Amino acid sequence: MNSSGQRAFATKSEWRAEILGCRAAVDPAVRAREADALAVAVGKLGTLGSTVCAYVPIGREPGSVAMLDELVRAGARVLLPVTEEPGPLRWARYTGTGDLVPAAFGLREPAGPRLEPAEIATASIILVPALAVDRAGNRLGRGAGYYDRSLVFAAAGARLIAIVRDDEVVAALPHEPHDTRVQWALTPVGGLVALDG
């Protein structure tokens, strides 16, 4: 902690270790309540007729598949990442939990046809997994770089939204020139939080 009470670490790996440790300590009942709140918040993003790129939260990531179902109910075409070789993500359409199959890294992804990385350009909203995000819009991911390689294909006006817990919106994170900033954080309690990204 620094003098203002905020966590402060010098490296991304230190931040990752801290946040993963904090997520591991969250009570399952709290995690479930937060997931419900995120599903409601996602359903209010105004997605009728839009394409939304999203993801299936795994392990202790905030959220649940219910977020995807809310997007579909709201009239969105939902695309999920397909993880293959290192590089930009390919995409597949989400039509329901029944079409999700196990994938690399413990992920679940749609079994349907694969779409090219440039398909992300059709999305008006891109929900991005994150361990933390800072007030300037710098996002801390897991370090594999899949999203930074993919977000370069996003449309200029797309809303980039990192989904995190409320205490994972922090004052400042270490970042590099190739890191893509996001404009919003979506949290269970605070809802949609504008960033300077």
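We use all heavy atoms of the structure for the numbers below, so side chains are in, but hydrogens, waters and symmetry mates are not. Given the structure is predicted, the values throughout are model-derived calculations rather than measurements. FYI, the numbering just counts along the sequence from 1.
Remark: the backbone N or O of I58 is paired with a side-chain donor or acceptor of E61 at under 3.5 angstrom. Side chain of D99 to backbone of T95: a donor-acceptor contact under 3.5 angstrom is found. A donor-acceptor contact shorter than 3.5 Å is absent between the side chain of S50 and the backbone of V52. Side chain of N138 to main chain of H175: no donor-acceptor pair is present (N/O by atom type, distance under 3.5 Å, no hydrogens or angles). Not one N or O on the side chain of D134 forms a donor-acceptor pair closer than 3.5 Å with the backbone of V170. Remark: side-chain polar atoms of E109 are not paired, donor with acceptor, to backbone N or O of V82 under 3.5 angstrom. At distances below 3.5 Å, at least one donor-acceptor pair connects side-chain atoms of S150 with backbone N or O atoms of L89.
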Can you check side chain to side chain contact (heavy atoms under 4.5 Å, CB included) on L173 and W15, steps first, answer last? CA-CA 8 Å; L173 288 168; W15 273 103; 3.5 Å; yes

Verdict with reasoning, L195 to Q183, per side chain to side chain contact (heavy atoms under 4.5 Å, CB included): CA-CA 5 Å; L195 306 171; Q183 305 102 338; 5.7 Å; no

Could you check R139 against R181 for side chain to side chain contact (heavy atoms under 4.5 Å, CB included), going step by step and ending with a plain yes or no? CA-CA 6 Å; R139 179 187 70 91; R181 290 185 179 184; over 6 Å; no

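By the 4.5 Å heavy-atom criterion applied to side chains, I161 and L45 are counted as neighbours. You'll find the side chain of R142 reaches within 4.5 Å of the side chain of L20, heavy atoms only. Looking only at side-chain heavy atoms (C-beta outward), L38 and L186 come within less than 4.5 Å of each other. V182 has its side chain out of reach of T180: every pair of non-hydrogen atoms, C-beta onward, lies at least 4.5 Å apart. Using a 4.5 Å heavy-atom cutoff, the side chains of L80 and V78 are in contact. The shortest distance between side-chain heavy atoms of Y94 and L100 falls below 4.5 Å. Looking only at side-chain heavy atoms (C-beta outward), P88 and F153 come within less than 4.5 Å of each other. Looking only at side-chain heavy atoms (C-beta outward), R16 and L140 come within less than 4.5 Å of each other.
We find the CG-CG distance between L151 and L160 to be 5.5 Å, quoted to the nearest 0.5 Å. In this structure, C53 SG and L127 CG are separated by 9.0 Å, a value rounded to the nearest 0.5 Å. Rounded to the nearest 0.5 Å, atoms CD (E70) and OG (S64) are 9.0 Å apart. The CE atom of M67 sits 11.5 Å away from atom CG of D36, with the distance rounded to the nearest 0.5 Å. For the atom pair OG1 (T187) and CD1 (I163), the distance works out to 10.5 Å, reported to the nearest 0.5 Å. Distance check: D196 CG to R135 CZ gives 9.0 Å after rounding to the nearest 0.5 Å.
Cluster membership check: L192 shares its hydrophobic cluster with V128, using side-chain heavy-atom separations under 4.5 Å among Ile, Leu, Val, Met, Phe, Trp and Tyr. When hydrophobic clusters are built by joining Ile, Leu, Val, Met, Phe, Trp and Tyr residues whose side-chain heavy atoms come closer than 4.5 Å, directly or via intermediates, V152 is grouped together with I120.
Under a cutoff of 6.0 Å and an axis angle of 45°, R114 and W91 do not form a cation-pi pair.
One finds a salt bridge joining E168 and R23 here, because a Lys/Arg side-chain nitrogen approaches an Asp/Glu carboxylate oxygen to under 4.0 Å. We find that E119 and R93 are not joined by a salt bridge, their nearest charged nitrogen and carboxylate oxygen being 4.0 Å or further apart.
Summarising the geometry of V101 relative to A111, their closest heavy-atom pair is CG1-CB, 3.8 Å, with the distance given to 0.1 Å. For I126 against A154, the heavy-atom pair with the smallest separation is CD1-CB, 3.6 Å. Here the shortest heavy-atom pairing between P188 and R165 reads CD-CA, 3.9 Å. Across all their heavy atoms, I19 and A132 have their closest contact at CD1-CB, 3.4 Å. Minimum interatomic distance between P174 and T11 (heavy atoms only, all atoms of both residues): CG-C, 3.8 Å. Closest approach of P113 to A92, counting heavy atoms only: O-CB, 3.6 Å.
Every pair tested for side chain to side chain donor-acceptor pair (under 3.5 Å) that includes a residue from residues 24-33 fails, sequence neighbours excluded, so the list is empty.
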